[in-house]
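Since the model is a prediction, treat every value here as computed from it, not as a measurement. Remember, it's 1-based here, ligands and their atoms both numbered in the order they're listed.
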Amino acid sequence: MASNGGFSFPKSPTIARGRNGLPKIHTEKKKEDDEICHDDSAPPVKAKTLDELHSLQRKKSAPTTPITGTQTAFGSIISDEERQIQQLQSISASLASLTRETGPKVVKGDPARSAETPRVSHVTHHHYTPDFSISDSGLKFTHILYNLSPAELYEQAIKYEKGSFITESGALATLSGAKTGRSPRDKRVVRDETTEDELWWGKGSPNIEMDEHTFLVNRERAVDYLCSLEKVYVNDQFLNWDPNHRIKVRIVSARAYHSLFMHNMCIRPTPEELENFGTPDFTIYNAGQFPCNRFTHYMTSSTSIDMNLDRREMVILGTQYAGEMKKGLFSVMHYLMPKRGILSLHSGCNMGKGGDVALFFGLSGTGKTTLSTDHNRYLIGDDEHCWSENGVSNIEGGCYAKCIDLSREKEPDIWNAIKFGTVLENVVFDEHSREVDYADKSVTENTRAAYPIEYIPNAKIPCVGPHPKNVILLACDAFGVLPPVSKLSLAQTMYHFISGYTALVAGTEDGIKEPTATFSACFGAAFIMLHPTKYAAMLAEKMKQHGATGWLVNTGWSGGSYGSGSRIKLAYTRKIIDAIHSGTLLETNYAKTEVFGLDIPTEIEGVPSEILDPVNTWSDKKAYKDTLLKLGGLFKKNFEVFTNYKIGADNKLTEEILAAGPNF
Ligand SMILES: Nc1ncnc2c1ncn2[C@@H]1O[C@H](COP(=O)(O)OP(=O)(O)OP(=O)(O)O)[C@@H](O)[C@H]1O
Ligand SMILES: O=C([O-])CC(=O)C(=O)O
Ligand SMILES: [Ca+2]
Ligand SMILES: [Mn+2]
């Protein structure tokens, strides 16, 4: 016993094997000398009750502006408690019913814990509540879970939201409910005197009108629903990394999943920034699963996503798909930024070690996130950017990657970003090991991961960069006739930007399906608010001024259309993109294609030369020509609506753009 310097180990109970192989536990009284033996166990806890013990576990967060309090705009200093009351008053005002003219009684903190953790006392928006407005809803409290941390949101989701699980890598797996994608046909925009003239309305426009009154009806419905809940989540965050054009947004939602999603996707304020947040510039009321009333004017389904630019508010009813919030705010930026002379872009963006910036435009699923996430370059952002006179800035604070068929080998940075804090939507996983099967489309093909941008190792923080050198237009051409890469003139770049082409293959359950061409102006018609030519004119102007080169990259099929050919290997596309970034692709020899008149390189390092001209990869040359002409015809037909518009101040450019399309 004394051999180890006077220490002894408490004797473990003697275990013997019984007849059935199970250990037999001996419970006879220990010998006297065992009890007086040196005890090295830790001292007992100070708590006298379990509640006391639990309260020891959680330490109150340190005040972020200690003792001195916060300096207000008028120079006075306010206490921490006063500041918290102001914050709650602001939230109560956000949640105020428009008819009762008073905000709900709000109290900060988890209702499940309010008994044990007294937080800031409640506030009502107006201190005086007239008698006539007293109703049951006026008597209850709404608990506010304000800018919770990812850990707190995990606990909320797992406790209260069915379908929430921690995956093997630590991500939060969630279900978005009946909707697993956006509902563009249910989007409504208030048409008033201002927006009547400013916005793009009519054929092709994503802005389907509603009147102010109907908006208020839906707003009231969402606010009443949210206030009827025991608790709501409130996120106060920012959009746009350009400090001169930063927008303050507030998101009120019913689910921890939504709060964590926006925590990841918007820019996260520092504690100091949060203290001085004040009144938001834009507010989202996300009532999620609560539907709109189909008897309401303008409603054509139980889902409605309503935007009121004058009130700076958005209401979501009848869909829990979180992308509605992300893209709703993007639409707002597509309105606010051009007003300030800043171009908003549905594009990814990265920067080389030497400071060369590339933009990646493309419709959903064409490769913005995949190709802007590049181990050799700094990631500025994967989906939404602004281009101002100062250069580029990311609008968001996170990325939203498609996960279908994700593999560690092909997309290591995205794979590694799926860890604690990341929201994983609609994926399927092993019920025991919680390993995700990224090939499984049982819930949807649109499985997604939302993670903060700093989860990508070479993210450029702050997410801003100089003026772009290369503008890469991505199309996933399932017809297999567009070349893997072509160099574009400015007029061609504008033609393809306005066209916004891609062709994906819809559901593949019933065997081979024909690809369908999609044209979406500015590679994001669902989100733009002004006429496409307004954005196009700004892009042309900026590309000309900064000498950026345009490229068209087909990330889709080669060797035949969908069904006979195959998707271009991601490894080849990456080599093509590398050659664009490095500048070597500018130096190589070019040939011109028929019909589209594109300049295609004859060789690229690491890419088999025969695939560079798609005609070489088709065994049936007639089928190739027919398909090429068919696609050319679709482009022409789509562009008809734009032929009457002037693009920019210069008529010459308009003519050049019209001539830059397919010719046959
Ligand atoms: N050659 C290729 N180039 C790019 N992506 C490819 C290629 N082959 C397969 N892929 C796959 O295509 C998908 C591209 O999706 P990605 O998330 O980049 O779309 P996105 O343009 O960011 O769309 P969204 O705007 O909807 O987020 C990924 O799943 C990627 O693995
Ligand atoms: O908004 C979404 O759901 C995903 C996305 O990025 C897009 O469709 O462009
Ligand atoms: Ca993306
Ligand atoms: Mn997108």
| request: Using the test side-chain hydrogen bond (donor to acceptor under 3.5 Å, both in side chains), find all partners of Asn638 that sit at least two apart in sequence or belong to another chain. | output: none

| request: Examine the side chains of Ser259 and Asn235 and answer whether a donor and an acceptor come within less than 3.5 Å of each other. | output: yes

| message | Before we go on, tell me: are the rings of Tyr451 and Tyr400 under 6.0 Å apart, centre to centre? | response | no

| query | Just checking, is any N or O donor in the side chain of Asn286 or Ser253 under 3.5 Å from an acceptor N or O on the other one? | reply | no

| field | Element-labelled atoms of ligand 2 that are located less than 4.0 Å from some non-hydrogen atom of His346 | value | 9 (O)

| message | For ligand 2, which is the ligand I care about here, please tell me if Tyr321 has any N or O atom under 3.5 Å from one of the ligand's N or O atoms. | response | yes

| request: Compare Cys399, Gly181, Gly365 and give the one whose heavy atom is closest to atom 19 (O) of ligand 1. | output: Gly365

| query | Given NZ of Lys327 on one side and NE2 of His346 on the other, what angle do they make at the Mn ion (ligand 4), to 10°? | reply | 100°

| Crowding at NZ, Lys353 (>12 non-hydrogen neighbours, <6.0 Å) | yes

| query | So which bit of Arg448 gets within less than 4.0 Å of ligand 1, heavy atoms only: side chain, backbone, both or neither? | reply | side chain

| query | Quick one: which ligand 2 atoms are inside 4.0 Å of a heavy atom on Arg448? | reply | 4 (C), 5 (C)

| said: Using a 4.0 Å cutoff against the non-hydrogen atoms of Asp383, which atoms of ligand 2 qualify? | reply: 6 (O)

| Is the Tyr535 to His334 ring centre distance short of 6.0 Å? | yes

| query | Counting heavy atoms only, which of Leu371, Thr370, Ile404, Ile577 is nearest atom 16 (P) of ligand 1? | reply | Thr370

| Ring centres of Phe639 and Tyr495 under 6.0 Å apart? | yes

| field | Enumerated ligand 2 atoms positioned under 4.0 Å from heavy atoms of Ser364 | value | 7 (C), 8 (O)

| message | For the Mn ion (ligand 4), give me the closest N/O/S atom belonging to Asp383, just the atom name. | response | OD1

